[in-house]
Every structure is written in structure tokens, then in C-alpha cells.
K.L.:
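My structure is below; once you've seen it, I'll send some questions.
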Amino acid sequence: MNFWLIKSEPAVFGFSDLQAVAAEPWNGVRNYQARNFLRQMRRGDLCLFYHSNAKPPGVAGVAKVVREAYPDDLQFDPQSPYVDPASTPQNPRWSAVDVAAVAPLPNFLPLAVLREVAELAAMPLLQKGSRLSVMPISQAQFVVTVRLGGLDDLAQQLEAGCG
DNA sequence: GCCAACGTTGGC
DNA sequence: GCCAACGTTGGC
């Protein structure tokens with residue numbers, strides 16, 4: 001299993017919005033590096049759900065991948081701001097996955113708190129200039145984060161290897 | 001292929 | 001609102 005961090009602006013789509021639906025297409029990603037990470041996602045992979053452009057920004061919950069990469073519909077939609085005229089159904093440029101909520105963090109973890117955790121110092125999110133909306137993280141980083149966030153059971157399951 | 005200009009992200 | 005960092009575009 002792999003672990004990821006995905007960003008969303010809560011004013012647009014926050015973790016509570018994810019909890020309100022069975023699954024949500026993670027589309028509109030228009031950065032090649034982020035797209036390539038989307039394509040590496042596998043069913044069952046777990047994601048930290050990060051609120052960007054928020055007050056405060058931080059990790060709000062845990063989500064999981066429920067459908068692996070498929071062509072992002074929005075690239076063909078002339079009405080969408082995410083349309084890409086250079087993309088064709090025969091050769092789609094952009095991908096989406098579907099994600100579903102697993103659990104909210106009982107303790108929301110603000111970015112400022114994450115920065116103080118030594119075990120998380122290498123997380124891509126915390127690197128200078130990091131702007132990717134989808135990034136890989138290690139299992140250790142995921143476990144440390146969800147434990148800090150109050151999901152002790154999930155942390156324990158993953159450490160026991162039966163996650 | 002270089003690089004300046006521009007747009008976007010996202011914390012503060 | 002500001003601005004640093006980064007990606008993309010397009011002229012040459």
C-alpha cells in the first residue's frame with residue numbers, strides 16, 4: 001500500500017464535503033508531476049486530506065482511493081475551467097481518481113504544528129516552495145500524522161501490518 | 001535551446 | 001494584500 005497527501009481548498013471542497021458523498025472524483029489536476037502521482041495510486045491507498053488556503057491550513061482527515069486513474073472528464077468539457085483543447089478522447093492528457101472519506105482527524109493538525117514534528121521534516125508538503133496538490137508520503141509519516149491527529153486505532157493497525 | 005514574461009499556488 | 005516559488009508560454 002502507498003500513502004499520499006492530497007490538497008483541497010475547504011471553501012471549494014473540504015473534508016466535510018467528502019464525508020457527505022459516497023465517493024468523489026479527484027479531477028482538475030493540471031500539473032504533470034501531480035498527474036503522474038495520481039496514475040500511481042492504487043485502490044485502497046490512504047491519503048491525508050489537507051486543507052490549503054484555509055485559516056489555518058492543515059490536515060483534516062483521511063481518505064482512500066476507491067477507483068484508479070481514468071481520463072478526467074473535465075478536460076473535454078468546454079464549460080469547465082479545466083478544459084484542455086489539446087486533449088482528445090483518443091489521447092487524454094489528464095487523469096482523475098475517485099476517493100472516499102475514511103475518517104476525520106479528531107484533532108485537526110495545523111500546518112504550523114506539522115512543522116514542529118521532527119519525524120515529518122522530510123514530508124514534501126513541508127519543503128520550501130512545495131506546491132504540488134498530490135504528493136507521496138511514507139508510511140511512517142502517515143502513521144505519525146494520524147496518531148497525532150487522534151486516530152490511534154488506524155495508526156496501530158498500520159504498524160501491525162494489517163492495515 | 002534559452003530565457004523573459006506571465007500566471008498560479010498558497011502561506012503569511 | 002503581499003510575495004516567494006514554481007510552471008508554462010512563446011519569441012528569438
Side-chain angles (χ1 to χ4, degrees), chain A residues 2-21 24-41 45-65 69-138 140-142 144-151:
Chain A
N2 290 307
F3 299 87
W4 310 92
L5 183 145
I6 58 178
K7 289 183 190 173
S8 186
E9 303 191 18
V12 178
F13 190 88
F15 192 75
S16 60
D17 297 307
L18 187 64
Q19 290 178 280
V21 296
E24 179 73 10
W26 211 253
N27 51 22
V29 172
R30 295 293 178 269
N31 170 284
Y32 286 105
Q33 208 180 339
R35 180 204 67 180
N36 293 341
F37 288 138
L38 282 183
R39 291 180 175 177
Q40 291 170 29
M41 287 182 167
D45 283 0
L46 293 175
C47 310
L48 298 176
F49 193 107
Y50 178 85
H51 282 177
S52 62
N53 255 322
K55 295 178 179 179
V59 177
V62 173
K64 67 180 172 187
V65 177
Y70 59 95
D72 179 348
D73 296 335
L74 300 181
Q75 68 196 309
F76 308 122
D77 180 358
Q79 306 303 318
S80 169
Y82 298 109
V83 67
D84 185 345
S87 197
T88 64
Q90 291 72 33
N91 189 17
R93 180 177 291 181
W94 304 110
S95 299
V97 300
D98 287 356
V99 297
V102 172
L105 292 194
N107 314 316
F108 177 85
L109 287 179
L111 178 60
V113 169
L114 298 177
R115 289 196 189 284
E116 291 168 359
V117 182
E119 296 98 313
L120 300 180
M123 272 215 303
L125 176 76
L126 304 181
Q127 305 316 303
K128 189 175 180 181
S130 154
R131 295 192 324 188
L132 279 182
S133 59
V134 179
M135 41 186 125
I137 63 174
S138 71
Q141 290 161 350
F142 184 90
V144 165
T145 305
V146 297
R147 177 167 286 129
L148 272 175
L151 293 177

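Side chains are part of it too, since the values below use all heavy atoms of this structure and drop only hydrogens, waters and symmetry mates. Labels below follow one simple rule: chain letters A, B, ... track the order of the sequence lines, proteins then strands, and each chain is numbered from 1.
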K.L.:
Measure the distance from NZ on A/Lys128 to P on B/dG10 and round it to the nearest whole Å.
P.N.:
17 Å

K.L.:
Between A/Leu114 (CG) and B/dC12 (P), how many Å, whole number?
P.N.:
11 Å

K.L.:
Using whole Å, what does the distance between atom P of nucleotide B/dG10 and atom NZ of A/Lys55 come to?
P.N.:
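Taking NZ of A/Lys55 and P of B/dG10, I get 16 Å after rounding.
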
K.L.:
Go through C/dT8, C/dG7, B/dG11 for me and flag the one nearest to the A/Arg115 side chain.
P.N.:
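When the side chain of A/Arg115 is considered, B/dG11 is the closest of C/dT8, C/dG7, B/dG11.
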
K.L.:
In terms of side-chain heavy atoms of A/Leu111, which of B/dG11, C/dG7, C/dT8 is nearest?
P.N.:
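Of all the options, the side chain of A/Leu111 is nearest to B/dG11.
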
K.L.:
C/dA4, B/dT8, B/dG11: which one has an atom nearest the side-chain heavy atoms of A/Arg131?
P.N.:
B/dT8

K.L.:
Do A/Asp98 and A/Trp26 get their side chains close enough for a donor-acceptor pair, meaning under 3.5 Å?
P.N.:
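Per modelled atom types, A/Asp98 and A/Trp26 side chains form no pair under 3.5 Å.
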
K.L.:
Determine whether the aromatic ring centres of A/Tyr32 and A/Trp94 lie less than 6.0 Å apart.
P.N.:
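Here the rings of A/Trp94 and A/Tyr32 have centres that are less than 6.0 Å from each other.
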
K.L.:
Any chance the side chains of A/Ser95 and A/Arg39 put a donor and an acceptor closer than 3.5 Å?
P.N.:
yes

K.L.:
I need the CG-P distance between A/Asn53 and C/dC3, as an integer number of Å.
P.N.:
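Atom-to-atom, A/Asn53 to C/dC3, this comes out as 18 Å.
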
K.L.:
Counting side-chain heavy atoms from C-beta on, which of B/dG10, C/dG7, C/dT8 comes nearest to A/Tyr32?
P.N.:
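Nucleotide nearest to A/Tyr32's side chain: C/dT8.
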
K.L.:
For A/Leu132 and C/dT8, what is the distance between atoms CG and C1' respectively, to the nearest whole Å?
P.N.:
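Atom-to-atom, A/Leu132 to C/dT8, this comes out as 15 Å.
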
K.L.:
How many Å lie between NZ on A/Lys7 and P on C/dC6, as a whole number?
P.N.:
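Between P of C/dC6 and NZ of A/Lys7: 12 Å.
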
K.L.:
In whole angstrom, give the distance that lies between atom CD of A/Gln127 and atom C1' of B/dG11.
P.N.:
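It works out to 15 Å between those atoms.
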
K.L.:
So with a 6.0 Å cut-off around OH of A/Tyr82, is the heavy-atom count from everything else above 12?
P.N.:
no

K.L.:
A/Asn31 CG to B/dG7 C1': how many Å, rounded?
P.N.:
14 Å

